[in-house]
Amino acid sequence: MKMMKMMKMMVVLVLSCVLCVSADSQHEDLAIGGCSASDGEEMTSVDGEEKWYADFINKRGVEPQPSFIDHVSCPGCYEQAVANQQICRDNLQKALRALKNPPVELDPPSSPIVYTRDDVEVGQKNVLICHVTGFYPAPVNVSWTKNGVQVTEGTSINVPFPNKDGSFRQTSRLEFVPQQGDMYSCTVRHRALDQPLTRIWDVEVKQPGVGPAVFCGLGLTVGLLGVAAGTFFLIKGNECS
């Protein structure tokens with residue numbers, strides 16, 4: 001077990017620390033810094049939800065919380081994250097040389113789970129969520145399609161988040177407007193996979209049931225026919241008398 005964890009640390013050097021734990025309120029702040037030969041991560045979270053992370057591709061800090069909550073600005077955090085990455089890569093190279101480049105252990109991701117943020121209503125904006133977990137090393141590559149055509153607009157993915165067993169999880173999102181019959185797919189690629197994992201999701205909006213309405217309508221019709229027939233025989237009976 002110790003050897004397995006050591007192998008993982010050589011490929012991705014991750015430093016994490018619990019910043020604050022309160023027994024009364026049961027909240028936990030977590031800061032993570034990590035790097036590999038090609039990727040890096042700097043992230044802080046509260047109770048498992050990302051509060052801030054460094055986007056090294058677009059060279060900026062990101063606050064992924066929804067707009068309806070108060071955001072805490074972090075001036076200078078991105079610049080510090082860039083400096084931390086250089087230190088992390090230097091330490092990683094020293095560790096690799098000391099252990100003579102041990103082989104990389106690969107853990108494949110689970111099959112992706114796809115679901116919507118809100119209940120589906122045709123023509124109403126929504127978000128498709130693709131969640132994948134259990135992989136090592138990070139990250140995974142996630143792509144989306146709509147009716148067989150690749151979609152990039154309106155997509156996003158969070159930074160890898162560590163699980164307690166040393167593996168990672170990530171969540172990708174696609175903003176979309178559902179239309180009846182549309183079909184979407186989420187495809188996950190990772191170094192440990194021989195073939196990508198794909199999960200398909202199609203727009204199916206349940207229509208109101210017509211059974212009760214038809215039944216009630218039929219009952220009303222039969223009732224009216226019964227009343228008409230009764231009236232007819234009553235009139236005929238009066239005529240005969």
Side-chain angles (χ1 to χ4, degrees), residues 25-30 43-53 55 57-58 60-72 108-135 138-165 167-190 193 195-220:
S25 59
Q26 295 297 316
H27 294 297
E28 181 178 278
D29 290 353
L30 180 69
M43 183 270 294
T44 60
S45 70
V46 177
D47 296 336
E49 297 292 335
E50 292 170 337
K51 184 170 61 176
W52 183 92
Y53 70 87
D55 182 350
I57 296 177
N58 296 304
R60 62 189 179 96
V62 178
E63 299 170 11
Q65 303 93 354
S67 58
F68 55 81
I69 69 172
D70 293 333
H71 287 222
V72 179
S110 64
S111 179
I113 301 172
V114 178
Y115 55 96
T116 58
R117 182 190 62 188
D118 306 314
D119 291 337
V120 176
E121 295 185 31
V122 170
Q124 299 298 315
K125 291 182 179 180
N126 209 325
V127 177
L128 261 182
I129 299 171
C130 182
H131 180 74
V132 61
T133 187
F135 56 88
V140 290
N141 176 274
V142 179
S143 59
W144 293 90
T145 67
K146 174 185 177 182
N147 299 327
V149 179
Q150 188 167 0
V151 178
T152 56
E153 185 177 356
T155 64
S156 62
I157 188 169
N158 69 336
V159 296
F161 199 92
N163 297 315
K164 291 183 178 179
D165 62 359
S167 64
F168 290 88
R169 64 182 185 266
Q170 277 186 277
T171 302
S172 179
R173 294 172 175 82
L174 170 65
E175 298 175 1
F176 78 120
V177 178
Q179 299 293 342
Q180 190 72 36
D182 282 348
M183 182 175 294
Y184 294 83
S185 75
C186 166
T187 298
V188 176
R189 294 174 174 83
H190 186 262
L193 293 173
Q195 298 291 334
L197 299 174
T198 298
R199 179 60 60 91
I200 295 175
W201 185 91
D202 54 357
V203 179
E204 288 185 0
V205 181
K206 293 183 179 179
Q207 301 297 330
V210 296
V214 171
F215 178 79
C216 292
L218 181 60
L220 178 61

Find the distance between [atom1] ([X]) and [atom2] ([Y]) and round it off to the nearest 0.5 Å.
| X | Y | atom1 | atom2 | result |
| --- | --- | --- | --- | --- |
| K146 | E153 | NZ | CD | 10.5 Å |
| L174 | W144 | CG | CH2 | 5.5 Å |
| S110 | R169 | OG | CZ | 11.5 Å |
| D119 | N126 | CG | CG | 8.5 Å |
| I157 | R173 | CD1 | CZ | 9.5 Å |
| C130 | I113 | SG | CD1 | 9.0 Å |

> Do I129 and R117 have side-chain heavy atoms sitting under 4.5 Å apart?
Replying inline: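 SC-SC contact between I129 and R117 confirmed.
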> Which atom names give the shortest non-hydrogen contact between L197 and P112, and what distance separates them?
Replying inline: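 Scanning both residues, the minimum pair turns out to be CB-CD, 3.7 Å.
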> Nearest heavy-atom pair of N163 and G134: which atoms, and what distance?
Replying inline: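 Nearest pair, atom of N163 first, then G134: ND2-N, 3.8 Å.
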Between [X] and [Y] (side chain of the first, backbone of the second, donor and acceptor by atom type, cut-off under 3.5 Å), is there such a pair?
| X | Y | value |
| --- | --- | --- |
| D55 | R60 | no |
| T116 | L128 | no |
| Q170 | V140 | yes |

Can you list, pair by pair, the side-chain donor-acceptor contacts under 3.5 Å of residues 181-189, counting residues two or more places apart and other chains?
| residue | atom | partner | partner atom | Å |
| --- | --- | --- | --- | --- |
| D182 | OD1 | N147 | ND2 | 3.2 |
| S185 | OG | T145 | OG1 | 2.3 |
| T187 | OG1 | T198 | OG1 | 3.0 |
| R189 | NH1 | S143 | OG | 3.2 |

> If you draw a 6.0 Å radius around CD in Q179, do more than 12 non-hydrogen atoms from other residues or ligands fall strictly inside?
Replying inline: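 Counting other residues, nucleotides and ligands, CD of Q179 exceeds 12 neighbours.
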>> Among residues at least two apart in sequence or on other chains, which ones pass side chain to side chain donor-acceptor pair (under 3.5 Å) with D118?
In response: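 None.
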> Under 30°, 30 to 60°, or over 60°: which ring-plane class applies to F135 and H190, parallel, tilted or perpendicular?
Replying inline: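 Ring orientation of F135 relative to H190: tilted.
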